[in-house]
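Atoms within each ligand, like the ligands themselves, are counted from 1 in listed order. Only a predicted model underlies this, so the values are computations on that prediction, with no experimental measurement involved.
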Amino acid sequence: MSQLTGITGIIAPMHEEIELILEHTEVHSIVKSGQREYHCGRIHNKEVVVALSRIGKVASGVTAAVMIEKFGISQLIVTGVAGAISESLRIGDLVVATECVQHDLDARPMFSQFEAPLLGKAFFECHEPLQRKAMECCQALLENNFNGLIHPDDIEKFQLNQAKLHQGQICCGDQFIGTDEQLQRIRADLREVLAVEMEGGAVGQVCFEYDVPYVVMRSISDTANHQATVDFNAYIKRVARHYTWGLIDQLLR
Ligand code: ADE
């Protein structure tokens, strides 16, 4: 597996998704900017900047921009959880994005649906070598039974031993998708999308504008329907942190 060089930026939107990563970071400084804390340090001897972006497109977009402008990161990894849009995904599955799009971006009739106005682009491609590396890490985590990170009771409860890896489109928007209507609308609008979250496409746009490689890797917490809130809360509490740390641990080894 090729090694990451330079400084790697790592973003997750919620405390539960970032806290184990922070616990494993040898932090040498914490820089405060825009009501966020950027933890500069090392993981497995690789330079990193780790930040809780908070949830949503503006929060994650500004976090990405600061990481690029202020810390000169060479690549950016977005991790956390996502809701399943495709019926082929189940809770506990992993998704590596090929490209990200903002499902709520709509400046018609001036621009086509989903297009970032005046940028001429709707789908923000993830860096292919980072996708390959992310896929290898996800595969290794699944093959090695989550590197012992997840309690056997939780593996059983969430049926994680059946977890699968997927690669494809991820969409984002400033909405939690938790009704069947919302789910059907996204399915109808974006037929190839596998999963939904609230940050990837915004970070993707920033990384495109600055020409910085990025990738999004997420685990599935819910099925983005009427059951989503209940599943999401249980998953965030018990499972999410182990997946995010497991993936970053594998990525930076
Ligand atoms: N992240 C995890 N699940 C989600 C959902 N259902 N909608 C939006 N973002 C999510």
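- Between D93 and K164 no salt bridge is recorded (no basic side-chain N to carboxylate O distance below 4.0 Å).
- At a heavy-atom cutoff of 4.0 Å, ligand 1 is surrounded by V81, A82, G83, Q175, F176, I177, V196, E197, M198, S221, D222, A224, F232.
- Applying the ring pair (Phe, Tyr, Trp, His ring centres under 6.0 Å) rule to pairs touching residues 112-133 yields F124-F208, sequence neighbours excluded.
- The list of side-chain hydrogen bond (donor to acceptor under 3.5 Å, both in side chains) pairs with a residue in residues 70-88, not counting sequence neighbours, reads T8-Q75, S86-S88.
- Linking Ile, Leu, Val, Met, Phe, Trp and Tyr whenever their side-chain heavy atoms come within less than 4.5 Å leaves V193 and V96 in two separate clusters.
- Atom CD of Q227 sits in a crowded spot, with more than 12 heavy atoms from other residues, nucleotides or ligands closer than 6.0 Å.
- In the hydrophobic clustering, where aliphatic and aromatic side chains (Ile, Leu, Val, Met, Phe, Trp, Tyr) are joined below 4.5 Å either directly or transitively, L118 groups with M110, F111.
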